[in-house]
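In what follows, every heavy atom counts, from backbone to side chain, and hydrogens, waters and symmetry copies are set aside. Within every chain, numbering begins at 1; the chains are lettered A, B, ... in the order of the sequence lines, protein sequences first and strands thereafter.
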2 protein chains.
Amino acid sequence: MASSTVENYVKTLYFIEQGRPGALVAMGELASSMQVAPGTATAMVKTLSDSGLVEYERRGGCRLTQNGRTLALAIVRRHRLIEQFLVKTLGLDWSEVHEEAEQLEHVISDKVLDRIDQLLGYPDVDPHGDPIPTAEGRVSAVPMESLQDVAPGQETVIARVTDQKPAFLQYLDAQGLVPGARITMQRIDTPADSVTVLVAENSITLGGSAVRKILVERRADKMP
Amino acid sequence: MASSTVENYVKTLYFIEQGRPGALVAMGELASSMQVAPGTATAMVKTLSDSGLVEYERRGGCRLTQNGRTLALAIVRRHRLIEQFLVKTLGLDWSEVHEEAEQLEHVISDKVLDRIDQLLGYPDVDPHGDPIPTAEGRVSAVPMESLQDVAPGQETVIARVTDQKPAFLQYLDAQGLVPGARITMQRIDTPADSVTVLVAENSITLGGSAVRKILVERRADKMP
DNA sequence: ACGGTGTTGTTGACTACTCAAAGTTAAAAG
DNA sequence: CTTTTAACTTTGAGTAGTCAACAACACCGT
Ligand SMILES: [Mn+2]
Ligand SMILES: [Mn+2]
Ligand SMILES: [Mn+2]
Ligand SMILES: [Mn+2]
């Protein structure tokens with residue numbers, strides 16, 4: 001059985017590798033993501049390599065093996081199903097479930113996870129709009145685009161929020177900026193790095209770093 | 001924060017101390033309950049003593065302090081609420097929830113536990129009939145007696161089963177011998193160390209070691 | 001080609017938990 | 001009042017994970 005520590009390293013590597021398949025992850029990047037000293041990451045990657053979860057190239061970096069990726073996807077599945085469960089069944093706020101799931105993901109058995117999946121009706125996204133991998137490790141790739149790329153005047157629907165910080169999520173919730181919300185792009189102010197959107201009759205202005213964390217549905221007729 | 005290991009030692013001490021308040025628990029007994037070598041138990045008890053969770057008397061034994069007992073009761077509460085939740089909400093079998101709860105009890109936050117409590121309607125017993133301590137650490141003392149002390153011909157109701165082994169629980173379930181079941185004592189065969197009970201039209205004969213694990217309600221008019 | 005600069009790797013050390021084996025002690029048996 | 005025995009404690013060692021500090025390396029601009 002992989003320890004919680006091993007599971008966390010593998011999951012972190014999975015997210016770092018996202019969007020740059022095949023590339024090596026530097027020890028420094030892994031260390032800062034895991035909030036450990038560089039030497040700690042190096043030592044750990046060696047043991048992950050011994051377990052066949054990563055390939056390690058000295059002074060180059062590491063990447064997940066197929067086994068490593070499979071383990072990572074299993075943990076991501078656990079994490080997101082647990083988050084959805086905490087929100088839907090126990091009524092927790094979407095801003096607080098990430099931390100809870102971070103612990104539970106290492107302890108929930110497959111049996112319990114299956115029951116949770118069933119109770120929730122086999123959801124395919126979590127409370128933040130993140131896709132839930134299948135038990136076989138497949139992740140659905142729903143086409144999305146950043147809110148900042150929506151043209152002024154265009155109406156769209158929030159699909160996903162890529163930040164777990166409680167304060168940010170609480171703010172979005174208070175403004176009604178949650179997955180499923182129908183919004184209209186009003187204005188993009190490039191020099192000011194801000195955009196203004198209309199949601200439920202209210203105008204809300206967001207800075208660039210916030211806007212970039214909000215993904216919206218991409219309509220079929222807009223696809224390349 | 002107490003580690004899982006510390007929590008397990010404290011909980012084990014709590015159960016060993018049950019029924020002999022104030023007595024010292026020998027290191028050997030603790031070690032065998034925890035399935036560790038004697039020296040391991042001695043070392044651990046010293047650190048528990050440093051944390052103020054037990055009093056330790058060299059070559060005498062140890063006992064929980066008030067702080068230790070409070071921690072133990074919090075873990076027992078977690079464990080039993082989780083078991084009840086796994087059975088009632090997720091539909092797991094009462095024979096398999098003990099093992100699951102054994103892990104989850106160290107990870108579930110107070111917030112999640114409160115929501116589970118609320119969802120279940122503030123139950124006061126778990127699937128095995130074990131009382132669930134309140135958040136303040138109070139345990140209800142419903143009067144019960146062993147099934148082996150019920151007089152022949154008398155009707156009674158199963159209240160609690162004091163064994164967590166899956167095979168035993170599955171057997172009881174198959175026979176309908178679960179908490180809440182109404183049964184009638186038919187015969188006590190002392191030399192054979194067995195009793196025969198009637199449950200839902202069926203006669204079932206149980207050996208002494210099994211009967212002693214089944215507790216039944218004690219009617220007020222039978223109390224001393 | 002050379003030296004700075006930042007990234008990696010190594011070493012020694014520390015915490016938490018564990019065991020095996022040896023040493024100590026108290027209490028039962030003679 | 002010994003001797004034996006059983007329980008207990010200590011010691012030395014090992015695993016997992018971590019850090020600080022230092023050493024080694026690769027790469028860049030001159
Ligand atoms: Mn999350
Ligand atoms: Mn999420
Ligand atoms: Mn249990
Ligand atoms: Mn129970």
Side-chain angles (χ1 to χ4, degrees), chain A residues 1-17 20 23-64 67-68 71-72 75 102-103 105-107, chain B residues 1-14 16-17 20 22-64 67-68 71-72 75 102-103 105-107:
Chain A
M1 271 294 94
S3 67
S4 293
T5 308
V6 166
E7 291 190 348
N8 283 330
Y9 272 93
V10 167
K11 191 178 63 159
T12 297
L13 280 170
Y14 173 79
F15 287 125
I16 295 176
E17 282 184 0
R20 35 164 155 150
L24 287 171
V25 175
M27 293 301 99
E29 187 172 8
L30 177 57
S32 82
S33 278
M34 287 296 299
Q35 313 222 67
V36 297
T40 303
T42 302
M44 192 63 200
V45 163
K46 282 181 187 168
T47 81
L48 295 181
S49 175
D50 291 345
S51 313
L53 296 169
V54 306
E55 299 169 39
Y56 171 50
E57 291 179 21
R58 205 158 169 285
R59 277 180 197 279
C62 70
R63 69 170 70 83
L64 290 173
N67 276 352
L71 177 57
I75 302 158
E102 211 51 56
Q103 301 305 313
E105 66 188 1
H106 308 295
V107 163
Chain B
M1 269 296 92
S3 66
S4 294
T5 308
V6 166
E7 292 190 347
N8 284 330
Y9 273 92
V10 167
K11 192 179 63 159
T12 296
L13 280 170
Y14 173 78
I16 295 176
E17 283 184 359
R20 35 166 157 149
L24 287 170
V25 175
M27 293 302 99
E29 187 173 9
L30 177 56
S32 81
S33 278
M34 288 297 297
Q35 313 223 64
V36 297
T40 304
T42 301
M44 192 63 200
V45 163
K46 281 180 186 170
T47 81
L48 294 180
S49 174
D50 291 345
S51 312
L53 296 170
V54 306
E55 300 169 38
Y56 171 50
E57 292 179 20
R58 204 157 166 284
R59 279 178 199 278
C62 69
R63 69 170 70 83
L64 290 173
N67 276 352
L71 176 58
I75 303 158
E102 210 52 55
Q103 302 305 312
E105 67 188 1
H106 308 296
V107 163

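- Partners of B:S51 under the side chain to side chain contact (heavy atoms under 4.5 Å, CB included) rule, at least two apart in sequence or in another chain, are B:L53.
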N/O to N/O distances under 3.5 Å, protein versus nucleotides 22-25 of chain C:
{"residue": "C:dT24", "atom": "O2", "partner": "B:R59", "partner atom": "NH2", "Å": "3.4"}

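- Every residue was checked against the salt bridge (Lys or Arg N to Asp or Glu O under 4.0 Å) condition with A:E7, not counting sequence neighbours, and none meets it.
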What pairs of nitrogen or oxygen atoms, one from the protein and one from nucleotides 12-15 of chain C, lie under 3.5 Å apart?
none

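- With sequence neighbours excluded, the residues that form a side chain to side chain contact (heavy atoms under 4.5 Å, CB included) with B:S4 are B:H106.
- Running 5' to 3' along DNA chain D, contacts with non-hydrogen atoms of chain A at under 4.0 Å begin and end at D:dG17 to D:dC25.
- At whole-Å resolution of the value, CG in A:L30 and P in C:dG9 are 11 Å apart.
- In terms of heavy-atom proximity, A:E17 sits nearest to A:L64 at OE2-N, 2.7 Å.
- Only B:P38, B:G39, listed by number, bring a heavy atom of residues 32-40 of chain B to less than 4.0 angstrom from any atom of DNA chain D.
- Applying the side-chain hydrogen bond (donor to acceptor under 3.5 Å, both in side chains) rule to pairs touching residues 25-46 of chain B yields B:R20-B:E29, sequence neighbours excluded.
- Using a 4.5 Å heavy-atom cutoff, the side chains of B:M44 and B:V6 are in contact.
- When side chains are defined from C-beta on, B:L30 counts as touching B:M34, because their heavy atoms get closer than 4.5 Å.
- With sequence neighbours left out, the side-chain hydrogen bond (donor to acceptor under 3.5 Å, both in side chains) criterion links A:E55 to A:R63.
- In this structure, the side chain to side chain contact (heavy atoms under 4.5 Å, CB included) partners of B:A31, at least two apart in sequence or on a different chain, are B:V36, B:A41.
- Pairing each heavy atom of B:N67 with each of B:G52, the nearest pair is CB-O, 3.8 Å.
- Of the residues in residues 41-56 of chain B, B:T42, B:K46, B:Y56 come within less than 4.0 Å of DNA chain D through at least one heavy atom, sorted by number.
- In this structure, CD in A:E57 is found 10.0 Å from CE in A:M27, a value given to the nearest 0.5 Å.
- The two residues A:L13 and A:C62 come nearest to each other via the heavy atoms CD2-SG, 3.9 Å.
- Here the shortest heavy-atom pairing between B:Y56 and B:G61 reads CD1-O, 3.5 Å.
- Contacts between residues 1-9 of chain A and DNA chain D, defined by a heavy-atom separation under 4.0 Å, are made by A:S3, A:T5, A:Y9.
- Considering every non-hydrogen atom in both A:N8 and A:E105, the closest pair reads OD1-OE2, 3.6 Å.
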